[in-house]
Amino acid sequence: MIGSVDSLPAAINTAPDSDLVRQLPHAFTGMHHNGVMRIGILTSGGDAPGLNAVIRGAVLTGSQTGSAEFVGFRQGWKGVVEADIVPLGRHEVKGISKQGGTIIGTSRTNPFEGAGGVDRVNEVMKDNGIDALMAIGGEGTLAAAKRLTDAGVRIVGVPKTVDNDLSATDYTFGFDTAVGIATEAMDRLRTTGDAHGRCMVAEVMGRHVGWIALHSGMASGAHVILIPEHKTSAAQIFDWVSSAYDRGRAPLVVVAEGFALDTMTDIHSERGLDAFGRPRLGGIGEMLAPMIEEATGIETRATTLGHIQRGGTPSAFDRVLATRLGMASLQSALDGKWGQMVALRGTDIVTVPFADALGTLKTVPENRYNEARVLFG
Ligand code: F6P
């Protein structure tokens, strides 16, 4: 089963929290800033609520303990390649953990494209007296970070994605917030659906995995949840919708953007590829709605929640997780754990090599889907 704790790669536990802070002032003695490590932070890829809390956690810990100082690269790897650097001290991170987005901006820039590459990254770090990078990002970002680390660049990573699809961590920050937003939206869709006696189709994000769909669908009592891990026939969907309708309910169908019907050879993607060569998803909900209406005779509407799921205030869970990851990532840098990212295992923060975090997506296990499926229809 992919994504179970048992299947995860061996991890190295960081010190317990109390030890973490105690160790910080003594942990770093090298380089050229009187024992204070100078770290450049970047946030890269799609934003996720909690990015600012990671930044604040790392910056405040470095400043409280006198172990590290920070600068920010603007717009992800773009800022690294273009040496677009901003100060990042106590003042800049004041009160930001409750803010969505990222105060240093992000982009889907690949650091190996255009004027980028290992030599350019080394040059920018050297010119600006930067000892190490802290890369906060998802799969694409960490893959680029791994390539740079393999070439000798000092990088520690913090996993980020609302999709919750990174296999080396139990949860990524941003996921809990996205599920909360999607659930609230579905509660609203249900009241308007009830009022009109309509079938409502809600499409959520998640790329190639169905975590957001599964959790928001379960939370909102959806009558059908469709996820990429489980191809389903149109006839089965119509059955579930009709059965809910016949019981007097306004059917709610939650569909993940990466879902495909069993007759489809590929996922629904009409908007080309992103900078990392991955398909831009979206539109399966709009595709399914008229099919459902035609087959069942029930008036049906589709809503694509889209980027609303990534915007606004992070949940308390995400703020706490992100803050802890920021603090632990600083410890990783002070310990010289280059090429490793921090991760959540149970309630502990651990470190795992980039290589172990990449390659295998954390998909929804069959038993989790079957558990939800009992309530469909
Ligand atoms: O990976 C996070 C995510 O929000 C996916 O769920 C979605 O498919 C994608 O990013 C959207 O990307 P963009 O913000 O580039 O449109």
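Every number for a ligand or one of its atoms is a count from 1 in the order of the listing.
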query: Does D84 have any salt bridge (charged side-chain N to carboxylate O under 4.0 Å, His left out) partners at least two apart in sequence or in another chain, and if so, which?
result: R74

- request: Determine whether the side chain, the backbone, both or neither of R108 has a heavy atom under 4.0 Å from any heavy atom of ligand 1.
  value: side chain

task: Answer with yes or no whether L281 contacts ligand 1, where contact means a heavy atom under 4.0 Å from a ligand atom.
output: no

- line: Of I212, D47, D163, the one whose closest heavy atom lies nearest atom 6 (O) of ligand 1 is D163

field: Subset of ligand 1 atoms that lie under 4.0 Å from at least one heavy atom of G206
entry: 6 (O)

field: Enumerated ligand 1 atoms positioned under 4.0 Å from heavy atoms of R207
entry: 1 (O), 6 (O), 9 (C), 10 (O)

- prompt: Quick one: does G138 get a heavy atom under 4.0 Å from ligand 1?
  reply: no

message: Could you check whether any side-chain N or O of R280 sits under 3.5 Å from a backbone N or O of R271, counting only pairs where one atom can act as donor and the other as acceptor?
response: yes

- request: Spell out, as yes or no, whether a donor-acceptor pair under 3.5 Å connects the side chain of E257 to the backbone of R207.
  value: yes

message: For the backbone of G221 and the side chain of R190, can you confirm whether one donor and one acceptor N or O come within less than 3.5 Å of each other?
response: yes

task: Of the side chain and backbone of Q309, name the one, both, or neither that has a heavy atom under 4.0 Å from an atom of ligand 1.
output: neither

query: Is ligand 1 less than 4.0 angstrom away from at least one heavy atom of R280?
result: no

task: Could you please spell out the steps behind the side-chain contact (heavy atoms from CB on, under 4.5 Å) verdict for R324 and F173?
output: CA-CA 11 Å; R324 293 182 71 207; F173 66 86; over 6 Å; no

- prompt: Heavy-atom count around E294 CD within 6.0 Å, excluding the residue itself: above 12?
  reply: no

statement: For H307, the atoms of ligand 1 under 4.0 Å from one of its heavy atoms are 13 (P), 14 (O), 16 (O)

message: Quick one: does any side-chain atom of Q75 pair with a main-chain N or O of S107 as donor and acceptor, under 3.5 Å?
response: no

